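Since the structure is predicted, the reported quantities are computational estimates derived from the model, not experimental observations.
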Amino acid sequence: MMNPLKSDTSLSIETFPDWANALARALELIVLEREAGADYHQWLVDFEGSRLFLCFQHYSDCAWLEALSAQDEAVALWLTAQWNRR
């Protein structure tokens, strides 16, 4: 289940990296890897030992956190809620 991350600005392939860096700083995420394609960004991040993908898809105009394992799904939901409350 995908829970979108809120953004005050319009996200695009071009604007996502700056926005994602600000999100990572605010949530204390460690960016481990960055991958980008023609229509997406996918960053591997770490939060206190939990591995997540920070994803952006151009066609859905949506960013979200995706857990790499079932045990980290609660972490992704909690981080999303923290960000979206801002």
Identified side chain to side chain contact (heavy atoms under 4.5 Å, CB included) partner of Leu52 from the options Asp46, Val45, Thr80: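 So the option named by the test is Val45.
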
[X] side, atom [atom1]; [Y] side, atom [atom2] - distance, nearest 0.5 Å:
X     : Y     : atom1 : atom2 : result
Leu29 : Glu48 : CG    : CD    : 10.0 Å
Tyr40 : Glu35 : OH    : CD    : 3.5 Å
Trp19 : Leu54 : CH2   : CG    : 6.0 Å
Leu5  : Gln82 : CG    : CD    : 12.0 Å
Asn3  : Glu73 : CG    : CD    : 10.5 Å
Glu33 : Arg51 : CD    : CZ    : 8.0 Å

Does any N or O in the side chain of [X] come within less than 3.5 Å of the main-chain N or O of [Y], such that one atom is a donor and the other an acceptor?
X     : Y     : answer
Asp39 : His58 : no
Asn21 : Pro17 : yes
Asn84 : Pro4  : yes

Classify the ring geometry of Phe16 against Trp43: parallel below 30°, tilted from 30° to 60°, perpendicular beyond 60°.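 Correct class here is perpendicular.
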
Would you say [Y] ends up clustered with [X] if hydrophobic residues are merged whenever their side chains have heavy atoms under 4.5 Å apart, either directly or through other cluster members?
X     : Y     : result
Val31 : Trp83 : yes
Leu44 : Ile30 : yes
Phe53 : Leu27 : no
Leu68 : Leu77 : no

Looking at Leu11 and Ala63, what are the two nearest heavy atoms and their distance?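 Heavy-atom minimum between the residues: CD1-CB, 3.9 Å.
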
Could you report the tightest heavy-atom contact between Thr15 and Ser10, atom names first, then the distance?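 Result for this residue pair: OG1-O, 3.2 Å.
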
Between Gln42 and Phe56, is the side chain to side chain contact (heavy atoms under 4.5 Å, CB included) condition met? List the steps. CA-CA 6 Å; Gln42 182 172 285; Phe56 170 75; over 6 Å; no

Give the C-alpha distance, both sets of side-chain angles, the deciding distance and a yes or no for side chain to side chain contact (heavy atoms under 4.5 Å, CB included) between Glu66 and Cys55. CA-CA 7 Å; Glu66 185 174 313; Cys55 304; 4.1 Å; yes

